[in-house]
There are 2 protein chains.
Amino acid sequence: MPPGTAPLETGEAQDAPREDPAPEAAPGTETVATSAEELGRPATIRDVAALARVSHQTVHRFLQGYEGIRPATRERVVEALAALEYRPNLTARSLTTGRSMRIGALTHELDQFGPSKIIQGAAQAARDAGYVLDILSLDMGDPDEIDRALQTVTQHDLAGVLALASTDHMAQAFGTANFRVPAFLAGEEDEFASDHPSQLTSVGFPALIDHLAELGHRRLLHLAGPSAWSAARNRARAFEAAVAAHGLVSAGVVHGDWTARSGHEVVSALPSSLDFTAVVAANDQMALGALLALRERDLRVPEDMSITGVDDIPDAAYFSPPLTTLRVDFVAQGRRAVEHLLARIAGREPEDDDALISQLVVRRSTDATAR
Amino acid sequence: MPPGTAPLETGEAQDAPREDPAPEAAPGTETVATSAEELGRPATIRDVAALARVSHQTVHRFLQGYEGIRPATRERVVEALAALEYRPNLTARSLTTGRSMRIGALTHELDQFGPSKIIQGAAQAARDAGYVLDILSLDMGDPDEIDRALQTVTQHDLAGVLALASTDHMAQAFGTANFRVPAFLAGEEDEFASDHPSQLTSVGFPALIDHLAELGHRRLLHLAGPSAWSAARNRARAFEAAVAAHGLVSAGVVHGDWTARSGHEVVSALPSSLDFTAVVAANDQMALGALLALRERDLRVPEDMSITGVDDIPDAAYFSPPLTTLRVDFVAQGRRAVEHLLARIAGREPEDDDALISQLVVRRSTDATAR
DNA sequence: CGGGATCTTGTTACCGGTCACATTCGACGC
DNA sequence: GCGTCGAATGTGACCGGTAACAAGATCCCG
């Protein structure tokens with residue numbers, strides 16, 4: 001016998017002229033809040049029910065979109081909902097349903113351009129779907145981190161998990177983890193991945209290599225990313241494939257770690273006589289480092305050496321010289337990752353989407369080779 | 001009369017040799033799960049209580065660190081906790097307490113270096129404190145966005161809100177919003193802010209201007225950020241103050257929008273005869289754009305013109321030439337913002353922390369002036 | 001106009017912690 | 001050996017939604 005938690009007095013007070021909704025506490029009658037201010041706290045479904053003089057279940061049904069509510073009743077509910085500015089408490093909802101409107105994003109490279117753009121796109125897509133993105137930042141290197149993240153996930157009743165890390169380490173940890181909820185591993189790069197082989201010969205790297213071939217370059221050096229990153233491997237593979245397809249020659253593949261510093265180091269360490277006329281870097285930062293290293297070796301870009309990047313970071317257009325590169329749509333990748341995850345959460349098959357194609361942006365860092 | 005939800009049979013089964021904990025369902029006796037696997041779902045506090053043959057409240061007390069539990073009892077609880085791999089359900093906890101272990105981060109410039117680094121630091125600090133950072137990405141320009149964010153906050157029972165936006169627009173919207181929970185507005189930049197006036201004359205900009213003065217520069221141009229950003233205004237003010245303190249001359253302040261593109265535009269648009277010998281940009285990107293514009297005007301850096309930035313983005317060391325800049329510790333700023341917020345959540349006064357000082361990094365973009 | 005089918009609405013319990021209060025236990029004093 | 005008091009532990013309700021089921025209202029038809 002709960003003491004009148006939800007008083008259902010069918011008093012006349014409500015039917016009286018709206019002008020005088022003064023809280024006249026009739027004896028034995030619980031006063032019913034008629035406005036959000038009067039309540040002083042977020043309205044609950046029962047507050048609304050009391051004001052509408054229905055059961056909380058009727059309010060609930062209305063909120064679920066149930067049709068079989070008498071118009072008169074429905075109207076009272078609608079009014080009460082508005083008067084109390086009702087917003088469902090998502091925590092309470094999560095408790096019963098066991099699921100929340102939250103997506104966990106596992107990540108650890110928030111400071112890099114690609115990943116942070118992906119997060120941006122993912123956050124947008126999540127928001128558009130009414131979800132919130134929880135950042136689960138990982139300290140890589142500590143193997144327990146994945147476990148900790150996993151615990152966080154289960155403790156927070158997340159609706160799903162998006163793994164935005166792109167290293168093998170992460171992919172592996174992710175693969176063995178059991179999140180108990182839908183999960184989706186988003187590589188930084190889909191386009192060059194092996195399950196889109198058709199893309200390899202249509203746009204992106206082929207267009208880039210094509211561009212260099214047209215300028216007369218025959219021997220190309222690839223400045224690749226760290227091989228533990230799938231994106232780095234994919235790009236290296238795409239490079240090799242495109243070079244072969246054009247009958248050009250790969251002068252080798254050297255590895256950096258995505259940073260300008262590594263690009264600078266690697267290029268500085270090359271032997272003094274270079275048997276290639278263009279450097280194809282796997283990202284713009286490394287290209288930047290290479291640019292400086294070439295300058296320090298008294299090689300002019302593009303007269304003596306052409307150089308290209310991938311990503312098209314905003315700064316790339318203002319390097320000296322401006323960088324020819326492949327523009328990658330990271331925001332779209334992030335959006336898409338979330339959409340895939342949401343599909344999985346809903347039990348749907350993700351819709352087959354068009355391949356994200358990167359676009360060649362020609363700037364001054366490439367030109368006809370003198371050699 | 002709840003039907004034995006938490007069976008408290010003091011059966012002997014538990015005291016029997018550990019070797020045989022087979023689930024022998026005695027008639028009229030609910031079986032008690034003795035391991036996480038057997039349960040097949042996350043263990044609740046009542047599962048633990050049943051296994052430990054205590055009330056759920058005793059388990060609760062243990063978890064709260066209550067001391068007055070008899071050793072024998074305590075031991076059973078500890079064992080049950082471990083056997084069932086109990087993890088509190090944070091959603092349920094939030095429901096009763098009305099607070100969660102989540103911090104909302106309002107942001108809209110996730111792709112910029114500073115903000116994304118700040119988020120990184122904030123996410124770390126949040127994680128270290130057992131919190132999770134929820135990204136509430138805003139579409140600026142739409143004034144309803146703040147309202148939407150506010151609703152999100154209340155619906156999700158967030159413990160606090162961190163506003164990481166740095167524009168006046170955001171600050172103002174934030175100031176008028178009532179989040180019902182602790183909130184903290186973190187500017188991108190503390191160091192140059194007016195409430196740390198002492199810093200203005202000790203490190204950071206003064207060191208930078210000092211450096212230029214020593215190289216013989218007398219007239220300096222400031223390439224500022226958009227004036228709607230407090231960080232831009234702070235930096236401009238710090239510039240003016242430092243110039244005055246050194247008896248140098250400000251050749252004016254021109255405004256960009258933080259991008260390399262804007263730096264390039266602004267410097268390209270300057271009259272043909274320049275009456276200054278150094279450009280002090282408010283961030284590295286604009287300095288990059290300026291660098292290219294100067295090169296296009298056939299001005300050599302640093303021989304004809306020195307140039308400096310602020311932030312020390314990783315790429316700055318590999319610009320052509322490498323950029324003299326002020327290193328700003330954004331990660332620390334993010335951490336600190338979260339710590340402040342957590343203090344406010346806990347009702348504590350935030351501890352007075354040392355000013356975050358930016359550090360002068362001298363590279364090749366500055367040199368003695370020929371003029 | 002009664003009885004069942006249907007439509008509409010209400011009642012009660014539950015999710016898993018937390019809190020307020022009640023009860024039992026054990027030690028001690030007389 | 002019994003009463004007392006504090007320590008140890010248990011009971012039941014509650015947070016705000018959701019779900020299963022029950023019951024009242026309405027309607028239709030013979």
Side-chain angles (χ1 to χ4, degrees), chain A residues 1-10 39 41-50 52-77 80-81 84 86-101 154-157, chain B residues 1-10 39 41-50 52-77 80-81 84 86-101 154-157:
Chain A
M1 48 188 86
T5 325
L8 289 172
E9 272 65 31
T10 38
L39 214 46
R41 55 170 170 80
T44 74
I45 202 170
R46 279 167 239 257
D47 294 326
V48 175
R53 282 171 289 129
V54 297
S55 76
H56 64 101
Q57 191 56 224
T58 300
V59 178
H60 176 63
R61 288 194 186 97
F62 172 80
L63 294 171
Q64 300 289 311
Y66 177 67
E67 293 293 333
I69 300 179
R70 225 181 313 237
T73 311
R74 169 179 296 261
E75 196 183 337
R76 291 208 309 277
V77 172
L81 244 19
L84 298 180
Y86 173 79
R87 306 277 168 237
N89 178 323
L90 299 181
T91 303
R93 180 174 292 168
S94 296
L95 181 57
T96 36
T97 62
R99 284 292 154 81
S100 67
M101 296 297 278
T154 56
Q155 287 194 50
H156 280 270
D157 289 333
Chain B
M1 47 189 86
T5 325
L8 289 171
E9 272 63 30
T10 38
L39 214 46
R41 56 171 169 78
T44 75
I45 201 170
R46 277 166 243 258
D47 294 326
V48 175
R53 283 170 290 128
V54 297
S55 76
H56 62 99
Q57 190 56 225
T58 298
V59 178
H60 176 63
R61 288 196 186 95
F62 173 79
L63 294 172
Q64 300 288 311
Y66 177 69
E67 294 292 334
I69 299 179
R70 222 179 313 234
T73 312
R74 169 179 294 261
E75 193 182 340
R76 291 207 310 278
V77 172
L81 244 18
L84 298 179
Y86 173 80
R87 305 279 167 237
N89 177 324
L90 299 182
T91 303
R93 180 175 293 168
S94 297
L95 182 58
T96 38
T97 60
R99 285 292 154 81
S100 67
M101 296 297 277
T154 56
Q155 287 194 49
H156 281 269
D157 290 332

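Labels below follow one simple rule: chain letters A, B, ... track the order of the sequence lines, proteins then strands, and each chain is numbered from 1. Please read these numbers as outputs of a predicted model, since none were measured by experiment.
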Within the pair [X] and [N], is there a side-chain N or O less than 4.0 Å away from OP1 or OP2?
X	N	result
A:Gln57	D:dT18	no
B:Thr73	D:dT9	yes
A:Arg93	D:dG16	no

Using every non-hydrogen atom in the two residues, find where B:Thr44 and B:Tyr86 come nearest and quote the distance to one decimal.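 In this case the closest contact between B:Thr44 and B:Tyr86 is C-CE1, 3.6 Å.
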Determine the minimum heavy-atom distance between A:Thr91 and B:His156, stating which atoms define it.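 Closest approach of A:Thr91 to B:His156, heavy atoms only: OG1-O, 3.9 Å.
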When you match B:Gly68 and A:Tyr86 each to their closest nucleotide on DNA chain D, which lands nearer the 5' end?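 Checking each residue's closest nucleotide, the 5'-ward one belongs to B:Gly68.
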Report the distance from atom [atom1] of [X] to atom [atom2] of [N], rounded to the nearest whole Å.
X	N	atom1	atom2	answer
A:Ile45	D:dA19	CD1	P	11 Å
B:His56	D:dA13	NE2	C1'	10 Å
A:Arg99	D:dA19	CZ	P	14 Å
B:Arg87	C:dG17	CZ	P	12 Å
A:His60	C:dT8	NE2	C1'	15 Å
B:Asp47	C:dC14	CG	P	15 Å
A:Gln64	D:dG16	CD	C1'	14 Å
A:Leu95	C:dA13	CG	P	18 Å

The contact string for nucleotides 21-27 of chain C, one letter per nucleotide 5' to 3', using protein heavy atoms under 4.0 Å with B, S and - for base, sugar-phosphate only and none, comes out as B----S-
Selected nucleotide, minimal atom distance to [X] side chain, candidates [options]:
X	options	result
B:Thr58	C:dG16, D:dG17, D:dT9	D:dT9
B:Val54	D:dT18, C:dG16, D:dG10	D:dG10
A:Thr96	D:dT18, C:dT9, D:dT9	D:dT18

Base, sugar-phosphate alone, or nothing: which one does A:Leu90 contact when heavy atoms must sit under 4.0 Å apart?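 Nothing: the residue A:Leu90, judged by heavy atoms under 4.0 Å, touches no strand.
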Sole residue of B:Leu95, B:Leu90, B:Asn89 in side chain to side chain contact (heavy atoms under 4.5 Å, CB included) with B:Arg93: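 Checked B:Leu95, B:Leu90, B:Asn89 against B:Arg93; only one passes side chain to side chain contact (heavy atoms under 4.5 Å, CB included): B:Leu90.
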How many angstroms lie between atom CG of A:Leu81 and atom CZ of A:Arg87, to the nearest 0.5 angstrom?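 Output value for this atom pair is 8.5 Å.
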Review item, side-chain donor-acceptor pairs of residues 56-73 of chain A, under 3.5 Å, at least two apart:
| from | atom 1 | to | atom 2 | distance (Å) |
| --- | --- | --- | --- | --- |
| A:Thr58 | OG1 | A:Ser55 | OG | 3.4 |

Can you list the residues that meet the salt bridge (charged side-chain N to carboxylate O under 4.0 Å, His left out) rule with B:Asp157, with sequence neighbours excluded?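 B:Asp157 satisfies salt bridge (charged side-chain N to carboxylate O under 4.0 Å, His left out) with no other residue.
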